[in-house]
Amino acid sequence: MSTKPQNVKGMRDLLPQAMMLRQHIIGTLREVFERYGFEPLQTPTLEHAETLEGKLGDEERLIYRFEDHGGRKLAMRYDQTVPLARVVAQYQSQLQLPWRRYAVGASYRGERTQRGRYREFYQADVDIVGSSSPIADAEIIAVLTDALTALGFDNFVTLLSHRQILGGIARVSGLDEAAAGGVYRAIDKLDKIGPDGVRTELMNSGVSADACDRILHLVSLSGDSESVLNALSTALAGDERAQAAIINLREIIVAATALGVPSNRYAVAPRLARGLSYYTGMVCEAVVESPPMGSLLGGGRYDDLIGLFAERSLPTVGIAFGLDRLHDVMEELGMGPRGAMADVYVTIFNPESMAANLALAHQLRAAGFKVEHTLDASERLGKQLKTADQRGIAFAVVQGPDEQAAGEVVVRDLKSGNQHRFKSAELATGLRGIMQA
RNA sequence: GUGCUCGUAGCUCAACGGCAGAGCGCUGGUUUGUGGCACCAGAGGUUGCGGGUUCGAAACCCGUCGAGCACCCCA
């Protein structure tokens, strides 16, 4: 056991600069979610192990599992979707459907860590429980588009597809359902390994050369969503489930457009597979061109999961924002707030003026400003100004004997060096004016 | 869980078997009513950790912890 302080692998401390960005992200997302009427939900970090088992396919080996002191078999939350299903089943009589809920919290997966991939990671989930309408899918697309835009992203695209489109491609290519899993995974890598790479993988899983060509042609379709959907519709003419999926995507896009989603913010991408086994309908994920960072969010429609807990079918659609990834990308792109928490730094001119200067700090806080000041009444003024500037605080307040005698106070803009004089009583008003300028 | 790469001052890196260094940053001073520029001085290291090879290890070998890359998968 090492005595050296260290955090657990894959789990991070968020120091103030990082935490301020995190809170900015969460605050922005909440504001958007609530604009659509989504209501907050919190569930515990720990669940009964059996609640999580049997829902996630072969990824269950990543679940953190242990026994508590009473011998209960417990597991750490793996995502926020299964807990949602549990809550819906448990409180059915108290919930009015359809129910829009959001949840912000950490989930845990025992994965090998990598950039943008942590063992403790934070997600903000939004889901609409109890509606199979394409309008619900569209609302999710609208929420995520609004949210990423509100955060300042101007380079993202939401990739859209449908489980039954990929299914249809597999069926018309003559693949049986059992072989399809590997085929989906190969197709999903198109962007990463290119058409030739996908072809190699498909051939290795026993797909005929002829089928490879048809699959590659279909999943490589690009262009505006209507022409992609038309091409898919023609190619999958014999497959009823795929046709239904295409109609469903069209309805979703019509509604999303009406809800204000611009056409350059989404793209129909037949290659999109998504691993989580519980998706049944529309699937989506949002990506940015740079920096390289997987998907910023992902999700889709899962109509059967909640039914595993509740005794009735509860169609649900939702997504999860990856807060750590949003954070890492925004940091690299220089997005979000910078600098210190405080708006203004009040200096103490000398020990004799300490009381008068601290009273200014009090006055500003009462007026709603975030105010910091030195704790050393004999600290040199120059040092205080340097400290304030280094901490990223934009303004400093100075009041020495001359100003005090005149009943005035000086506000210094630490970026430009410009100074403004105000009557002491008008400090808050004056500062507000400068800050808005 | 598989296969790799990398851990040296607060940060970015150098030294690559022979005295652990530079730039930036930090502290103090030139400057006791105003920070940023300049100059001067200073502090700061068990070279991630543990073991081994060697006259000698930051360097080579083994292990371990951490970060990252490709798988796998996903936020």
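Numbered from 1 within each chain, the chains take letters A, B, ... in sequence-line order.
- Side-chain contact, A:R119 with A:Y108: no donor N or O sits under 3.5 Å from an acceptor N or O.
- Nearer to the 5' terminus of RNA chain B, by closest-nucleotide assignment, is the contact made by A:G110 (compared with the other of A:L296 and A:G110).
- Separating the CZ atom of A:R61 from the P atom of B:C72 is a distance of 12 Å, rounded to the nearest angstrom.
- Checking side-chain atoms of A:D79 against main-chain N and O of A:V82 turns up a donor-acceptor pair under 3.5 Å.
- Nucleotides B:G50 and B:U31, compared at atom P, are 48 Å apart to the nearest Å.
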Quiz item: What pattern of brackets, bars and dots sums up RNA chain B from 5' to 3', given Watson-Crick or G-U wobble pairs under 3.5 Å, [ ] for crossing pairs and | for another strand?
Solution: (((((((..((((....[..)))).(((((.......))))).....(((((..]....))))))))))))....

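- Judged by the 6.0 Å and 45° rule, A:R109 forms no cation-pi pair with A:F121.
- Rounded to whole Å, the P atom of B:G63 lies 39 Å from the corresponding atom of B:G23.
- For the pair A:R391 and A:Y345, the cation-pi test (distance below 6.0 Å, angle within 45°) is failed.
- Here, B:G45 and B:A20 have their P atoms 15 Å apart, quoted to the whole Å.
- One side chain, A:E379 or A:T374, offers a donor N or O that lies under 3.5 Å from an acceptor on the other.
- Look at NZ on A:K189: it is 14 Å from C1' on B:C74, rounded to the nearest Å.
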Practice problem: In sequence, state the C-alpha distance, the side-chain angles, and the governing distance for A:L360 and A:L427, and then conclude on side-chain contact (heavy atoms from CB on, under 4.5 Å). | Solution: CA-CA 8 Å; A:L360 294 173; A:L427 172 58; 4.0 Å; yes

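- For the C1' atoms, the distance from B:G66 to B:C49 is 10 Å, rounded to whole Å.
- Atom C1' of B:C24 sits at a distance of 31 Å from the matching atom of B:G33, rounded to the whole Å.
- Atom name P, nucleotides B:A14 and B:C60: the rounded distance is 14 Å, in whole Å.
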Practice problem: Spell out protein contact along nucleotides 27-38 of chain B as letters: B when the base is contacted, S when just the sugar-phosphate is, - when no protein heavy atom is under 4.0 Å; keep the 5' to 3' order. | Solution: -SS---BBBB--

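- When the P atom is used for both B:C26 and B:U53, the distance is 45 Å, rounded to whole Å.
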Taking only N/O atoms, report every protein-nucleotides 65-70 of chain B pair under 3.5 Å with atom names and distance.
| unit_1 | atom_1 | unit_2 | atom_2 | d |
| --- | --- | --- | --- | --- |
| B:C65 | O2' | A:Q6 | OE1 | 3.0 |
| B:C65 | O2' | A:Q6 | NE2 | 3.3 |
| B:A67 | OP1 | A:G10 | N | 3.4 |
| B:A67 | OP2 | A:K9 | NZ | 3.4 |
| B:C69 | OP2 | A:R115 | N | 2.7 |
| B:A70 | OP2 | A:Q114 | OE1 | 3.3 |

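- In terms of modelled atom types and a separation under 3.5 Å, the side chain of A:T51 and the main chain of A:E47 share no donor-acceptor contact.
- Looking at A:R65, its side chain never comes within 3.5 Å of a backbone N or O of A:K73 through a donor-acceptor pair.
- Taking atom CD of A:E111 as the reference point, atom C1' of B:C74 lies 6 Å away to the nearest angstrom.
- A distance of 6.0 Å or more separates the ring centres of A:Y266 and A:F156.
- B:C65 sits 15 Å from B:G51 when the C1' atoms are compared, rounded to a whole Å.
- Using modelled atom types and a 3.5 Å distance limit, the side chains of A:D413 and A:N418 yield no donor-acceptor pair.
- A:D328 and A:Y118 share a side-chain donor-acceptor pair at under 3.5 Å.
- Residues A:F38 and A:Y102 place their aromatic rings such that the two centres sit no closer than 6.0 Å.
- When rounded to the nearest whole Å, the span between CD of A:Q17 and C1' of B:G10 equals 15 Å.
- Rounded to whole Å, atom C1' of B:C74 lies 12 Å from atom CG of A:L297.
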